[in-house]
Amino acid sequence: MINLKLKDSITNSKDELTALRRKLHSEPELSFEEFKTTAFVCEYLDKLGISYRKTEPTGVIAEIQGTPGGKTVALRGDMDALPVQQLNIHVPYASKVEGKMHACGHDAHTSMLLIAAKALSQVKDELPGNVRFLFQPAEEAAAGAKAMVDQGAMDGVDNVFGIHIWSQMPTNKVSCTPGPSFAAADIFKVKFKGRGGHGAIPEACIDAALVASSFVMNVQTVVSRTIDPQSPAVLTVGKMVVGTRFNVIAENAEIEGTVRTFHPDTRNHIEKSITQYAESVASIYGASAEVEYIRGTDAVDNDKESAELVQQVATEAFGSEVIYNEKPTMGGEDFSAFLTKAPGSFALIGSGNPEKDTEWAHHHGNFDIDEDALVTGAELYAQYAWAFLKK
């Protein structure tokens, strides 16, 4: 199943792969602002002779067409950075842009996908089908995948595969298990309206601060007392804005939070319950409540056959010792938008190495990767595409 030409090509491209990643790391761009990155990807594809089209406002869809009549497999790599100030400025490839940083490894994803495209272009005549490359913008805004899907990224695609560098796993380990991998990530906003007044005359008022506080304390029981413990869920209130002055009883309170779930029934139940809790608490105090529930990314649910193919490819390419079973995370990933159009899977590639100080959490200003993992990721991209088309 493993193509030795692909392995040799990617192994021989190790220095180039590292250089690509370092260039992109030093020039970060935020979601839907990846204009220079998009241009860089297009220039690289031009040199390889791979056809492509740009998506709006940023992003690239490229394709290598092999034998006519074959299937099409899509490989996805995201490109955007974060509004994070880089702290480990001693590295020679540190961000050149104040307040912006590739703190989640998307520079690695783009680089790995470019080198995978290079390797696959060298076996174009042997491909029994087509390989599509999705250089995706705005993953951090949970909007880029949907934008690409709306612009035809998944038209005619039979299977889709993505990779994420993962600092919580040892370098070069590969995790891709069937079932939920990343959670559905939603946002809720609640506005309470009471009746303001002087802090010395509470009997004439309806204290929105009290209403909001009661809601925050009680809404946690949606998870702890109404959800099956074997259906994981997280409900977090992250923002609460109440009142204007120390001696004025608040008339308005605004709350914002997030809900993370793996299963649709759990998601639906929590959405309904938040509204019920908000309205009930408001009613107790004589206030009113307005609830907005915003569905963000769906859960990333790895197709069983696709995930098992990833494990098989990884074992044959790197040895059985690379297989690692990372537990599902409550983090969100908009790769799920591609999975609504075709079956597929999403793998994690370990890049955590204490000797290289690369075990920092994603989105931290000290985040970095063990660049030895780049070759593993690039080859996994290419070998998966080859194996799927050869099935």
| task | Using a strict 4.0 Å threshold on nitrogen-to-oxygen distance, state whether Glu43 and Lys47 make a salt bridge. | result | no

| request: Determine whether more than 12 heavy atoms belonging to other residues, nucleotides or ligands lie under 6.0 Å from atom CD of Glu305. | output: no

| request: Could you tell me the separation between the NZ atom of Lys5 and the CG atom of Leu120, rounded to the nearest 0.5 Å? | output: 12.5 Å

| request: Please answer whether the main-chain N or O of Glu34 pairs with a side-chain N or O of Thr37 as donor and acceptor at a distance below 3.5 Å. | output: no

| query | Can any side-chain N or O of Thr171 pair as donor or acceptor with the backbone N or O of Gly350 at less than 3.5 Å? | reply | no

| request: Side-chain contact test, heavy atoms from C-beta onward, threshold under 4.5 Å: evaluate it for Asp78 versus Pro137 and give yes or no. | output: no

| message | Using a 6.0 Å cut-off, check whether atom NZ of Lys304 has over 12 heavy atoms from anything other than its own residue. | response | no

| task | For salt bridge (charged side-chain N to carboxylate O under 4.0 Å, His left out), just list the numbers for Lys36 and Glu27, CA-CA rounded to whole Å, side-chain angles, deciding distance to a tenth of an Å, and then say yes or no. | result | CA-CA 9 Å; Lys36 291 182 180 179; Glu27 301 173 357; over 6 Å; no

Name every donor-acceptor pair, under 3.5 Å, that has one atom in a side chain of residues 179-192 and the other anywhere in the protein, sequence neighbours excluded.
{"residue": "Asp186", "atom": "OD1", "partner": "Arg267", "partner atom": "NE", "Å": "3.4"}
{"residue": "Asp186", "atom": "OD1", "partner": "Arg267", "partner atom": "NH2", "Å": "2.7"}
{"residue": "Asp186", "atom": "OD1", "partner": "Gly296", "partner atom": "N", "Å": "2.9"}
{"residue": "Asp186", "atom": "OD2", "partner": "Arg267", "partner atom": "NE", "Å": "2.9"}
{"residue": "Asp186", "atom": "OD2", "partner": "Tyr293", "partner atom": "OH", "Å": "2.8"}

| query | Roughly how far, to the nearest 0.5 Å, is OH of Tyr52 from CZ of Phe135? | reply | 11.5 Å

| query | Can you find a pair of side-chain heavy atoms, one from Thr67 and one from Leu127, that are under 4.5 Å apart? | reply | no

| Do Asn130 and Arg132 have side-chain atoms, one donor and one acceptor, less than 3.5 Å apart? | no

| query | Among the clusters formed by ILVMFWY side chains lying less than 4.5 Å apart, do Phe215 and Ile249 turn up in the same one? | reply | no

| message | Using the rule given for side-chain hydrogen bond (donor to acceptor under 3.5 Å, both in side chains), can you reason through Asp80 versus Ser31, listing the C-alpha separation, both sets of side-chain angles and the distance that settles it, and then say yes or no? | response | CA-CA 5 Å; Asp80 55 327; Ser31 298; 2.8 Å; yes

| field | Candidate pair Glu379 and Lys7, rule salt bridge (charged side-chain N to carboxylate O under 4.0 Å, His left out), full reasoning | value | CA-CA 6 Å; Glu379 185 175 350; Lys7 178 175 284 290; 2.9 Å; yes

| said: Which residue is it: His362, His364, His363? I am looking for the one with a ring-ring contact (aromatic ring centres under 6.0 Å, His included) to Trp360. | reply: His364

| said: Assigning hydrophobic clusters by single linkage (Ile, Leu, Val, Met, Phe, Trp, Tyr; side-chain heavy-atom cutoff under 4.5 Å), is Val41 placed with Ile163? | reply: yes

| said: Tell me whether Tyr93 shares a hydrophobic cluster with Leu82, the cluster being built from Ile, Leu, Val, Met, Phe, Trp, Tyr side chains joined at under 4.5 Å. | reply: no

| Counting N and O atoms only, with roles assigned by atom type, does the side chain of Thr38 sit under 3.5 Å from a partner on the main chain of Gly59, one being a donor and the other an acceptor? | yes

| In Å, rounded to the nearest 0.5 Å, how long is the span from CG of Leu30 to CE of Met79? | 12.5 Å

| query | Do Glu371 and Arg22 meet the salt-bridge criterion of a basic N to acidic O distance under 4.0 Å? | reply | yes

| said: Ignoring hydrogens, what is the shortest heavy-atom contact between Ala287 and Gly194? Give both atom names and the distance. | reply: CB-CA, 4.2 Å

| request: Verify the cluster assignment for Val375 and Leu380: are they in a single hydrophobic cluster under the rule of side-chain heavy atoms below 4.5 Å apart? | output: yes

| Do Glu359 and Ser167 touch side chain to side chain, with heavy atoms closer than 4.5 Å? | no

Side-chain donor-acceptor pairs under 3.5 Å in residues 334-349, sequence neighbours left out?
{"residue": "Asp334", "atom": "OD1", "partner": "Arg76", "partner atom": "NH2", "Å": "3.0"}
{"residue": "Asp334", "atom": "OD1", "partner": "Gln136", "partner atom": "NE2", "Å": "3.1"}
{"residue": "Asp334", "atom": "OD2", "partner": "Gln136", "partner atom": "NE2", "Å": "3.1"}
{"residue": "Asp334", "atom": "OD2", "partner": "Gly144", "partner atom": "N", "Å": "3.4"}
{"residue": "Asp334", "atom": "OD2", "partner": "Ala145", "partner atom": "N", "Å": "3.0"}
{"residue": "Ser336", "atom": "OG", "partner": "Asp298", "partner atom": "N", "Å": "3.3"}
{"residue": "Ser336", "atom": "OG", "partner": "Asp298", "partner atom": "O", "Å": "3.0"}
{"residue": "Ser336", "atom": "OG", "partner": "Glu333", "partner atom": "O", "Å": "3.3"}
{"residue": "Thr340", "atom": "OG1", "partner": "Ala337", "partner atom": "O", "Å": "2.6"}

| said: Can you give me the closest heavy-atom contact between Pro328 and Phe262, atom names plus distance? | reply: CB-CZ, 3.5 Å

Under 3.5 Å, which donor-acceptor pairs link side chains of residues 312-326 to any protein atom two or more places apart or in another chain?
{"residue": "Gln312", "atom": "NE2", "partner": "Glu316", "partner atom": "OE2", "Å": "3.4"}
{"residue": "Thr315", "atom": "OG1", "partner": "Gln311", "partner atom": "O", "Å": "2.8"}
{"residue": "Glu326", "atom": "OE2", "partner": "Trp166", "partner atom": "NE1", "Å": "3.1"}

| request: Find out whether Lys23 and Asp107 are in side-chain contact, i.e. whether some heavy atom of one side chain is under 4.5 Å from a heavy atom of the other. | output: no

| Using a distance-only test with no angle check, is there a side-chain donor-acceptor pair under 3.5 angstrom linking Asp370 and Ser351? | no

| Student check: side-chain heavy atoms of Lys173 and Thr376 closer than 4.5 Å | no

| message | Can you tell me how far apart CG (Asn3) and NZ (Lys390) are? Round to the nearest 0.5 Å. | response | 8.5 Å

| request: Could you point out which residue of Leu114, Ile115, Thr11 forms a side-chain contact (heavy atoms from CB on, under 4.5 Å) with Leu17? | output: Ile115

| query | Do Asn353 and Pro170 come within less than 4.5 Å of each other through their side chains, counting heavy atoms only? | reply | no

| Short N-O contact, Asp368 and Lys356, less than 4.0 angstrom | no

| said: Quick one, Gln65 and Glu63 - any side-chain contact, counting heavy atoms below 4.5 Å? | reply: yes

| field | Gap between atom OG1 of Thr110 and atom CZ of Phe133 - 0.5 Å precision | value | 13.5 Å

| query | Any chance CE of Met1 has more than 12 other-residue heavy atoms, nucleotides or ligands included, within less than 6.0 Å? | reply | yes

| request: Taking the side chain as every heavy atom from C-beta outward, state whether Ser95 and His102 have any pair of such atoms under 4.5 Å apart. | output: no

| field | Pairs where residues 148-165 contributes a residue and the test salt bridge (charged side-chain N to carboxylate O under 4.0 Å, His left out) is met, not counting sequence neighbours | value | Lys146-Asp150

| task | For the residue pair Asn88 and Gln86, confirm or rule out a side-chain donor-acceptor distance under 3.5 Å. | result | yes

| request: Measure the spacing between CD1 of Ile10 and CG of Leu374 and express it to the nearest 0.5 Å. | output: 11.5 Å

| Does any donor atom in the side chain of Arg53 or Thr55 lie under 3.5 Å from an acceptor atom in the other side chain? | no

| query | If only atom types and distance count, is the side chain of Ser214 paired as donor or acceptor with the main-chain N or O of Leu210 below 3.5 Å? | reply | no

| field | Connected-component partners of Phe35 among ILVMFWY, side-chain separation under 4.5 Å | value | none

| query | What pair of heavy atoms forms the shortest contact from Phe32 to Ala147, and how long is it? | reply | CZ-CB, 4.1 Å

| query | Would you call Lys100-Glu29 a salt bridge at under 4.0 Å N-O? | reply | no

| Reference residue Ser26; test side-chain contact (heavy atoms from CB on, under 4.5 Å); the match among Met101, Lys96, Arg21 | Lys96

Atom pairs and distances, side-chain donor-acceptor, residues 222-244, under 3.5 Å, sequence neighbours left out:
{"residue": "Thr226", "atom": "OG1", "partner": "Val222", "partner atom": "O", "Å": "2.3"}
{"residue": "Thr226", "atom": "OG1", "partner": "His269", "partner atom": "NE2", "Å": "2.9"}
{"residue": "Asp228", "atom": "OD1", "partner": "Gln230", "partner atom": "N", "Å": "2.9"}

| said: According to a hydrophobic-cluster definition based on side-chain heavy atoms being under 4.5 Å apart (Ile, Leu, Val, Met, Phe, Trp, Tyr only), do Leu113 and Leu20 belong together? | reply: yes

